[in-house]
Enquirer: 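The structure that follows is given in the form of structure tokens.
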Amino acid sequence: MVRTRFAPSPTGYLHVGGLRTALYAYLFAKQNQGQLILRIEDTDQERRVEGAIEKIIEALKWAGLEPDEGPHKGGDYGPYIQSERIELYKKYADELLERDHAYPCFCTKERLDELNRIQKMQNKPPGYDGKCRSLSREEAEQRIAAGESYVIRQKIPENREIIVNDIIRGQVSFETDLLDDQILMKSDGFPTYHLANIVDDHLMEISHVIRGEEWLPSTPKNILLYEFLGWEAPKFAHLPLLLNRDRSKLSKRQGDVAVSDYRDKGYLKDALINFLALLGWNPGTNQEIFSRKELIREFSLEKVGKSGSVFDLEKLDWMNGIYIREMDLDELYQHVEDRIASEIDWSEEELKQIVGLLQESLTKLNDINSKGIIFFKENLQLEKDAEKMLQSKETVKVLKGFIDKLSELDALDRNIFVNIARQVQKETGIKGKQLWMSIRVGITGQTHGPEIHKTAEILGKEKCLERMQEALANA
RNA sequence: GGAGCAUUCGUCUAGUGGUUAGGACACCGGCCUCUCACGCCGGCAGCAGGGGUUCGACUCCCCUAUGCUCUACCA
């Protein structure tokens with residue numbers, strides 16, 4: 001049974017890099033009829049942020065990556081929040097202590113800082129010097145009984161080579177002599193990531209650990225822990241990182257990183273997912289657009305690349321536009337409805353027509369307002385080029401003719417509109433661009449926009465007349 | 001400082017000894033067209049450098065360079 005997990009720490013919002021990790025874990029699990037588990041790694045009480053868990057769950061839900069088990073929906077392997085599993089970690093820390101694969105360490109923060117400072121100064125590799133490693137059990141117990149503050153450290157064996165068999169990277173080997181005696185239990189009684197992660201992955205029967213590349217260097221310590229506890233280690237897959245434009249690790253400083261930022265800006269979840277899926281993975285074909293189903297079917301960890309990928313907004317924009325254009329009108333309208341800020345009261349029917357007209361030009365859902373300004377603003381600002389056009393007497397002639405004809409009619413639709421234009425053409429002899437542009441500018445104040453006969457139809461007779469008259473007044 | 005990982009067009013990538021190095025975004029040009037957008041067609045642009053191995057290297061090996069990650073009582 002394939003069981004993957006997404007294990008964020010609740011320090012704020014869900015990061016797009018985290019979403020990609022969750023996506024890969026999800027795709028891999030679903031493809032193998034397995035489960036995705038959400039586990040909250042909140043063993044650092046100081047970094048805990050109120051409401052972060054809810055935000056993460058909500059973001060995953062929005063993206064359609066619903067975990068099969070997690071703090072919000074339970075499961076047979078709970079609890080799914082590490083701070084609720086403290087006794088478990090304690091139990092296994094004691095076991096490690098018992099087997100002499102861990103030891104209590106009484107070194108103070110001050111001593112450690114000083115040690116580190118000296119090591120840095122001498123240009124030596126920083127790390128714990130093993131002072132408490134050889135303490136006798138008796139002495140340790142005495143000091144503990146005396147109430148001295150201590151941590152529990154992993155006793156890394158000397159002179160061993162640990163081989164990490166990574167699905168994406170192949171065999172990676174590490175010398176244990178270069179590994180630090182990692183802290184397993186902190187003095188506050190909470191475990192560190194190193195212990196909690198191993199205990200939980202084992203107890204939750206995780207088969208594949210899919211996580212970011214930053215964890216690769218700590219994997220040998222993980223493997224040792226599995227060995228010392230007598231457990232079988234899961235399979236590992238370390239994903240390449242997501243990068244800023246300058247190729248540094250994707251960060252807040254250089255743009256949006258929260259999933260909710262992208263949602264708020266009007267990116268569609270399917271587009272974001274599609275884009276993220278392709279950032280680091282590629283099935284080897286030329287296909288760019290993938291449905292969720294196809295993603296589940298085609299995804300494979302073996303085809304995930306090894307090098308970091310720049311998060312390229314331009315391509316996301318393009319892809320989002322594709323998804324917007326592929327949507328049917330009712331669905332698009334639902335997505336866009338709440339984002340419309342109109343000064344003019346349109347009926348739902350009319351708004352739908354407007355959205356339909358604008359659909360092909362949208363990149364993000366939010367673009368609806370800038371693209372639809374001619375429908376939503378009461379007083380239109382004249383564009384520079386438009387102003388220039390209004391100076392010409394041909395434009396004035398066209399508008400006057402058009403107004404005359406239009407005011408005699410009861411209503412306007414696109415066919416009538418075209419007919420009027422043709423009549424004006426006959427009477428004035430003005431045609432082509434000169435004719436149509438004059439009308440466009442008269443109605444919208446802009447030299448570009450959606451097809452003018454459709455625009456005019458939605459705007460209706462009165463608005464068109466009003467605007468043309470106003471334009472003439474400004475001419 | 002050390003360890004690990006990485007390195008194909010500006011960006012995302014295909015490519016596993018013999019290819020005119022393929023696709024996509026962006027960019028440029030054309031078509032469509034009242035304009036914009038969409039769409040279609042075309043173009044520009046890349047194997048980090050140096051040594052090997054080989055009849056032949058983007059592909060295999062070594063070195064260098066560069067970038068990134070880790071090196072916390074953070075995950």
Side-chain angles (χ1 to χ4, degrees), chain A residues 7-11 41-44 46-47 82 105 107-109 112-113 116 119-120 122-128 149-153 164 166 168-169 172-175 178-180 182-194 196-197 211-220 238 240-241 243 245-249 275 278-289 303 305-319 321-322 325 357-363 371 385 421 431-441 444 446-453:
Chain A
S9 57
T11 54
E41 311 230 325
D42 63 342
T43 54
D44 185 354
E46 288 180 19
R47 294 213 310 166
Q82 289 186 330
C105 170
C107 294
T108 60
K109 184 82 183 139
L112 262 19
D113 286 346
N116 204 270
Q119 285 165 335
K120 271 235 168 85
Q122 294 177 172
N123 239 338
K124 283 184 179 163
Y128 184 59
S149 172
Y150 71 102
V151 301
I152 294 173
R153 283 186 190 269
V164 177
D166 190 272
I168 294 169
R169 280 149 219 286
V172 184
S173 79
F174 297 86
E175 299 291 333
L178 269 9
L179 262 31
D180 226 9
Q182 197 71 45
I183 292 176
L184 264 19
M185 291 292 273
K186 298 183 267 189
S187 55
D188 65 359
F190 276 78
T192 59
Y193 165 81
H194 292 279
N197 165 55
R211 69 208 324 187
E213 189 185 0
E214 67 267 30
W215 301 110
L216 187 54
S218 64
T219 309
H238 288 93
L241 265 19
L243 273 22
R245 294 212 74 105
D246 65 359
R247 305 203 75 84
S248 55
K249 187 174 168 180
F275 174 69
L278 254 23
L279 227 45
W281 168 80
N282 183 292
T285 63
N286 284 338
Q287 188 175 350
E288 301 275 347
I289 305 299
K303 280 193 170 292
K306 297 177 176 65
S307 55
S309 321
V310 173
F311 192 89
D312 180 15
L313 266 184
E314 282 172 338
K315 192 156 185 177
L316 207 211
D317 282 346
W318 164 76
M319 201 172 266
I322 300 254
R325 271 168 252 130
L357 197 55
L358 264 18
Q359 181 167 17
E360 65 188 13
S361 67
L362 299 179
T363 295
K371 298 283 183 188
D385 290 344
K431 58 181 180 175
K433 191 163 180 169
Q434 181 69 254
L435 171 76
W436 291 99
M437 231 351 126
S438 297
I439 298 168
R440 171 178 294 283
V441 162
T444 70
Q446 300 186 353
T447 52
H448 58 260
E451 290 169 283
I452 192 63
H453 63 294

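Throughout, a chain's letter reflects where its sequence line sits, starting with A, and its residues are numbered from 1. All values below were derived from every heavy atom in this structure, side-chain atoms included, with hydrogens, water molecules and symmetry-related copies excluded.
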Enquirer: Which of the following nucleotides, B:C34, B:A75, B:A24, is nearest to the side chain of A:W318?
Expert: B:A24
Enquirer: For B:C31, what is the paired nucleotide under Watson-Crick or G-U wobble rules, both distances under 3.5 Å?
Expert: B:G39
Enquirer: Give a yes or no on whether the backbone of A:Y193 and the side-chain of A:E41 come within a donor-acceptor separation of less than 3.5 Å.
Expert: no
Enquirer: When you compare B:G10 with B:A57, how far apart are their C1' atoms, in angstrom units rounded to a whole number?
Expert: 27 Å
Enquirer: By nearest nucleotide on RNA chain B, pick out whichever of A:P191 and A:I452 is the more 5' one.
Expert: A:I452
Enquirer: Which nucleotide, B:A75, B:A72, B:C25, lies nearest any side-chain atom of A:P126?
Expert: B:A72
Enquirer: Nearest-Å distance, CG (A:L357) to C1' (B:U35)?
Expert: 13 Å
Enquirer: Which part of the nucleic acid does A:Q119 contact within heavy-atom distance under 4.0 Å: base, sugar-phosphate only, or nothing?
Expert: nothing
Enquirer: Could you give the distance separating B:G39 and B:U13 at their P atoms, to the nearest angstrom?
Expert: 23 Å
Enquirer: Identify the nucleotide, in any strand shown, that forms a Watson-Crick or G-U wobble pair with B:U69, with both distances under 3.5 Å; if there is none, say none.
Expert: B:A3
Enquirer: Can you tell me the Watson-Crick or wobble partner of B:U11, both distances under 3.5 angstrom?
Expert: B:A24
Enquirer: Indicate whether OP1 or OP2 belonging to B:C36 is found under 4.0 Å from a side-chain N or O atom of A:T447.
Expert: no
Enquirer: So what does A:T11 touch, heavy atoms closer than 4.0 Å: a base, only the sugar-phosphate, or nothing?
Expert: nothing
Enquirer: Pick the P atom in B:C74 and in B:A65, then give their distance to the nearest Å.
Expert: 36 Å
Enquirer: For nucleotides 2-14 of chain B, give me one character per nucleotide, 5' to 3': B if any protein heavy atom sits under 4.0 Å from the base, S if the only such contacts are to the sugar-phosphate, - if neither.
Expert: -SSSSS---BBSS
Enquirer: Within a radius of less than 6.0 Å around CD of A:E46, do more than 12 heavy atoms belonging to other residues, nucleotides or ligands occur?
Expert: no
Enquirer: When the side chains of residues 278-286 of chain A are checked against the rest of the protein, which donor-acceptor pairs come out under 3.5 Å, sequence neighbours left out?
Expert:
from, atom 1, to, atom 2, distance (Å)
A:N282, OD1, A:G284, N, 2.6
A:T285, OG1, A:Q287, N, 3.4

Enquirer: Once side chain to side chain contact (heavy atoms under 4.5 Å, CB included) is applied, do any residues pair with A:P240, and if so which ones, sequence neighbours excluded?
Expert: A:R20, A:R169, A:V304
Enquirer: With a 4.0 Å limit, can you tell me whether A:R325 has a side-chain N or O closer than that to the phosphate oxygens OP1/OP2 of B:G39?
Expert: yes
Enquirer: Find the distance A:L179:CG to B:U69:C1' and express it as a whole number of Å.
Expert: 15 Å
